[in-house]
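Working notes, beginning with the structure itself.
Because the structure is predicted, anything quoted here is derived from the model rather than measured.
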Amino acid sequence: MTNTGMFFRMLLSAVFRRRSRAVMAVVASLVGAATLFCLAMICIAVPQQMNQEMRAYGANLIVTPLADSENGKSGIDDAMVEHTTQMVSAKGSEKHATYRYENVRVNAAPYVMAGVNPAQVRNLNHHWVVDGSWPSAGKVLVGRDVADAMGLKVGGSITIGYRASDNAASSGQASQSGTDGTSDGQTSSGSTDAQQTQNGHVSSDIMDTSGTEFRVAGIVDTGGSEDSIIYALAGDVDKLTGSTRGVDVIEYSSGASDLTALVNSINDMTSMHVKAQQVTKITASDTRVITMLQTLFWIVSLVVLVFTLVGVGTTISSIVSQRRNEIGLRKALGASSHAIGVEFYVESAVYGLLGGLLGTATGYGMARWLCATVFERSIGFNWWLAVVSVVFSALVAVVASIPPVHRATRIDPAVVLREE
C-alpha cells in the first residue's frame, strides 16, 4: 500500500472510530456556515431589492436651471435635458420626468400648474395614488389639497386662468422653490401665494375669474407638496400661456453607485447652466437601511466566527487528548511531527467541508424563509457565495485546529510510553 493510501486509510479510521467527536466538529462548522451564509445572502440581495423599490418612491436626484443664467428665465431646453440624461444614464440605470411650472389662478386663487409628460411621471412615481386617470388633452390631474379646497370631483370641470403679470417676476423661481422643497425628499416645486399689488392695494384683476376650462381627469394623493399642484400635459400648458419654453425641473431616479460624484460632475459643467442636487430624504433612507443591515451582518458574523472557532478547536483538542497514546507510539516508530500535523489539519478540513456544505444548504433555506416572511421578497441562490462559504468553513476549521495540533506535535513519545 502506498503512503498516500495509508494516509487516507488512517484518516478515515480516525474519523469513524470517533464518530461522536466528528459529528460535534461538523455541527460546529454547520452552524457557523449556515448563519454566515444566511446573513450574507440577505445583506447582498435585500439591499439591492430595497434600493430598486425605494427608487419607485420618486426621484433621488433633481436638476434645475441656475437662477442667474439665461436658463433661469427660459428653463432647460430639450437639448440640455437630453444631454443631462445621457450623463445620468452613463452612471447607471435611470428614470426621469420633466416639469414646467406656471403660476395660475382658479377662481382668483393662486395655484401652481405643472406641464408634464404623464408617462414619465407615472413611471417615476409609483407611490402616487391617483383616483381617476392621468392627464390628457384638455384634462388635468389635480392634487388632493386643490380638490378639497375647490370641491372638485373626478369628471368635473375647472377653469384655469393665466396672467403674464403673475409670472413676470417668477418665471424662473418655480424651479428654485421646487429645489428648496425637494432637498428633504419632496419632489415638486413649491407654490406661490404672492399677489399682485398696486399702490399698496391688491390689484383689480385679482378677482378676474376668466380662463380656460379643463375637465378633471383624476385626483392625486401623495401626502406631500404634490397635492397642492395641478398637472396638465405640457402642450396644454403651452396653449394656456401662449408660449413655449424649457422645463423648470428634471427629476431623476438614478441607479448610480456614487450619487454624490454624479452630482458633482454635473455641477462642474458650468457651461450647462444647471444645478444638480440629491433628494436627501430618499437617499438617506436608502443608505440608512443598508448600513444597518451591513452593521448587523458584521456584528453577528464576528460572534458566530468566534463560536465556530471555539467549537471546532475544542473538538479537535478532545480528539488530540484521546489519541495522545497513539500519537506517542507513532512518533516512537518514526513518524514526523509534520506528518502528524498534516493528518490533523486534513481531518479538520474534512469536518469543515462537510459542515460548510450542509451549513450552506441550511443557510440558503433560512435566507429564503426570512426573506419571504420578514422582508416579503424572493431570493435566488448565489453560487459564488456558496463556494466561498464552503471554502471559508474549511479554512476556519483548519485555523481552529492550530493550537491543539501544535500540542499534538510536541508530545514526547518517551513520556507517553512510560505512562503505558
Side-chain angles (χ1 to χ4, degrees), residues 54-65 67 72 75-76 95-107 109-118 120-132 134-135 140-152 154 158 160 162 166-167 170-195 214 216-234 237 247-254 275-286:
M54 283 187 174
R55 288 177 58 197
Y57 286 87
N60 57 3
L61 170 68
I62 62 171
V63 175
T64 57
I76 306 174
K95 295 183 292 185
H96 73 277
T98 58
Y99 302 81
R100 172 189 175 180
Y101 294 106
E102 298 291 348
N103 297 316
V104 297
R105 297 184 188 181
V106 179
N107 292 342
Y111 286 97
V112 171
M113 189 174 192
V116 299
N117 180 324
Q120 291 180 347
V121 178
R122 187 174 188 175
N123 187 42
L124 181 65
N125 300 289
H126 292 289
H127 65 291
W128 284 19
V129 179
V130 176
D131 179 15
W134 288 77
V140 297
L141 176 69
V142 299
R144 172 57 63 185
D145 294 344
V146 179
D148 291 343
M150 307 297 296
L152 299 174
V154 175
I158 179 173
I160 301 175
Y162 174 80
D166 292 343
N167 295 273
S170 57
S171 60
Q173 290 176 0
S175 63
Q176 185 63 35
S177 62
T179 301
D180 296 338
T182 52
S183 62
D184 63 351
Q186 297 174 358
T187 58
S188 65
S189 74
S191 61
T192 178
D193 56 2
Q195 295 179 333
F214 291 88
V216 178
I219 299 174
V220 60
D221 191 349
T222 68
S225 61
E226 296 90 345
D227 293 351
S228 62
I229 297 177
I230 303 170
Y231 297 91
L233 294 182
V237 175
V247 300
D248 296 304
V249 176
I250 314 173
E251 295 182 350
Y252 290 99
S253 177
S254 172
K275 176 185 177 182
Q277 67 183 82
Q278 297 184 44
V279 180
T280 56
K281 184 177 180 180
I282 299 296
T283 305
S285 298
D286 193 357

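Across Leu124 and Tyr252, no two heavy atoms sit closer than the pair CD1-C, 4.3 Å. Of all heavy-atom pairs spanning Pro135 and Pro118, the tightest one is O-CG, 3.5 Å. The two residues Leu152 and Ile219 make their nearest non-hydrogen contact at O-CD1, 3.8 Å. In plain terms, the two heavy atoms of Asp248 and Tyr101 that are nearest each other are OD2-N, 2.7 Å. Taking every heavy atom of both residues into account, Ile230 and Val146 meet most closely at CG1-CG1, 4.2 Å. Residues Lys95 and His126 share a closest heavy-atom pair of NZ-NE2, 3.8 Å.
Side chain of Asn60 to backbone of Ser254: a donor-acceptor contact under 3.5 angstrom is found. At distances below 3.5 Å, not a single donor-acceptor pair connects side-chain atoms of Asp227 with backbone N or O atoms of Gly143.
Using a 4.5 Å cut-off on side-chain heavy atoms (C-beta onward), Met150 and Val106 make contact. A heavy-atom distance below 4.5 Å is not found between the side chains of Val116 and Leu141. Two residues are said to be in side-chain contact when any heavy atoms from C-beta on lie closer than 4.5 Å; Ile76 and Ile250 meet this criterion.
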Side chain to side chain contact (heavy atoms under 4.5 Å, CB included) assessment of Asn103 paired with Val112: CA-CA 5 Å; Asn103 297 316; Val112 171; 4.0 Å; yes

Do Glu102 and Val237 pass the side chain to side chain contact (heavy atoms under 4.5 Å, CB included) test, and can you show the C-alpha distance, the side-chain angles, and the key distance before you say yes or no? CA-CA 8 Å; Glu102 298 291 348; Val237 175; 3.9 Å; yes

Verdict with reasoning, Val121 to Trp128, per side chain to side chain contact (heavy atoms under 4.5 Å, CB included): CA-CA 9 Å; Val121 178; Trp128 284 19; 3.5 Å; yes

Worked verdict on Asp131 versus Asp221 for side chain to side chain contact (heavy atoms under 4.5 Å, CB included): CA-CA 8 Å; Asp131 179 15; Asp221 191 349; over 6 Å; no

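Under the 30°/60° scheme for interplanar angles, the aromatic rings of Tyr99 and Tyr231 are found to stand perpendicular.
Distance CG/Asp145 to CD1/Ile229: 10.0 Å, rounded to 0.5 Å. Atom CG of Asn117 and atom CZ of Arg122 lie 12.0 Å apart (nearest 0.5 Å).
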